[in-house]
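All residue numbers in this chain count up from 1 along the given sequence. Each ligand, and each atom within it, is numbered from 1 in the order the structure gives.
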Amino acid sequence: MGDEKLNERESKKRNSLKEKKPYVYEKIQKFEEKFKRGESIAIIQMQYNYACNFHCTHCSIKRFRGVNSNRQMDPDAVRELARQADELGLARFVITGGEPLVFPDFDEVVKAIDPQKFYINVDTNGWFLDVERAKHLKEIGVDRVQLSIDNLEEAGHDAFRAYEGSFAKTMRAVDACQEVGLDIFIQTVVTKQRLHSEEFIKFIEYFNGRGIGVFVSFAKPVGAWEGQYDIMIDDDDLKFFNTLEKKYHVYSHLTPGYGLEMGCIAVKGMFSVTQYGDVLPCPYIHISIGNIFNEPLKDIIERGFSIKYFGEHIDVCTIAQDKDFICNYVEKCIYNHELPVNSDDVFGPEAATKVPFQDYKKES
Ligand code: SF4
């Protein structure tokens with residue numbers, strides 16, 4: 001990619017990667033041409049295990065816990081997934097859960113991915129992340145930590161996470177990462193209401209003031225928020241968010257990455273692999289487009305691309321904004337169904353008759 005197309009922050013990141021992980025850098029340099037050929041350049045969000053020490057209000061994987069499956073991710077499965085992903089030119093993993101820092105085999109998982117071949121992010125609530133652990137993560141090849149914080153007020157964050165003391169521990173984790181020079185960003189859930197609040201602006205300003213970017217995950221009516229449509233953003237809210245992107249170091253899945261305007265990144269720029277090997281087009285769309293224990297990753301990605309919502313360019317966050325998608329597919333096919341649901345059952349010829357959200361709401 002012509003480096004002149006990358007913004008200053010992106011170029012800086014790319015240069016440091018060139019020194020630290022040259023093999024990964026070379027793969028990322030090919031992303032633009034791959035994307036233009038219609039290939040996925042996805043980050044693999046690996047939901048390795050759903051074990052967690054928290055019980056968050058908005059947890060999107062709640063209904064995946066306890067799914068009856070005879071296959072589960074383990075270091076060998078991760079190694080094979082990483083081998084296939086490398087062959088496909090993919091370059092990035094996010095290890096998530098649950099809470100990765102409670103996994104007894106966490107170090108083995110990192111090794112199985114192979115830090116020389118992949119950029120590795122770890123999603124965490126920060127509870128177990130002190131200076132010693134941060135140093136260790138850096139040593140074993142973790143590149144960046146994504147810390148979840150949802151309010152600058154201790155009481156607000158603790159209530160949202162339903163865990164007393166979580167704010168204090170998470171802020172300790174921020175300090176620990178900065179002390180040892182482990183790259184971090186803050187991820188925060190933003191409802192329509194929070195987007196327009198003073199608290200949210202203060203939140204961004206506080207973390208940006210510490211040199212830390214803020215990743216915004218727009219609230220979605222799934223998991224613990226099933227059926228709650230008032231939290232969803234609309235086009236005007238997204239426009240408002242775009243003004244914030246210009247002013248602050250704040251971004252969402254819709255923010256162009258690698259100098260590429262991808263729109264919704266489901267399958268194209270991200271997919272999830274569940275603890276049971278199912279591939280979801282995005283962490284919040286609980287539809288399986290295939291299972292890595294049954295077929296090659298390449299075929300699964302192709303199936304994903306054959307579904308118009310993931311193959312075509314879409315300017316909005318489908319699951320946080322598109323109410324037609326929600327009523328026709330999510331409410332009818334995902335709510336009250338065993339997860340994950342199969343993509344053929346959702347998008348196949350027999351799938352729900354499509355009606356606009358407004359009419360659907362009148363009918364129901
Ligand atoms: S639907 Fe939304 S959350 Fe899912 S990948 Fe697309 S932009 Fe991201």
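Using a 4.0 Å cut-off between charged side-chain N and carboxylate O, K20 and D143 make a salt bridge. A salt bridge is absent between K192 and D230; no separation between the charged side-chain nitrogens and carboxylate oxygens falls under 4.0 Å.
For R194 and F203, the positive end sits near the middle of the six-membered ring, less than 6.0 Å away and at most 45° from its axis.
Under the 3.5 Å distance criterion, the side-chain polar atoms of Y248 are left unmatched by any main-chain donor or acceptor of V214.
Within the structure, the ring pair (Phe, Tyr, Trp, His ring centres under 6.0 Å) test picks out the following pairs touching residues 114-146 (sequence neighbours left out): F54-W127, F93-F118, W127-Y163.
Listed by chain and number, C264 SG are the protein N/O/S atoms closer than 2.8 Å to atom 6 (Fe) of ligand 1, with waters left out.
By the 4.5 Å heavy-atom criterion applied to side chains, L195 and F240 are counted as neighbours.
Applying the 4.0 Å criterion to heavy atoms of K220 picks out, from ligand 1, the atoms 3 (S).
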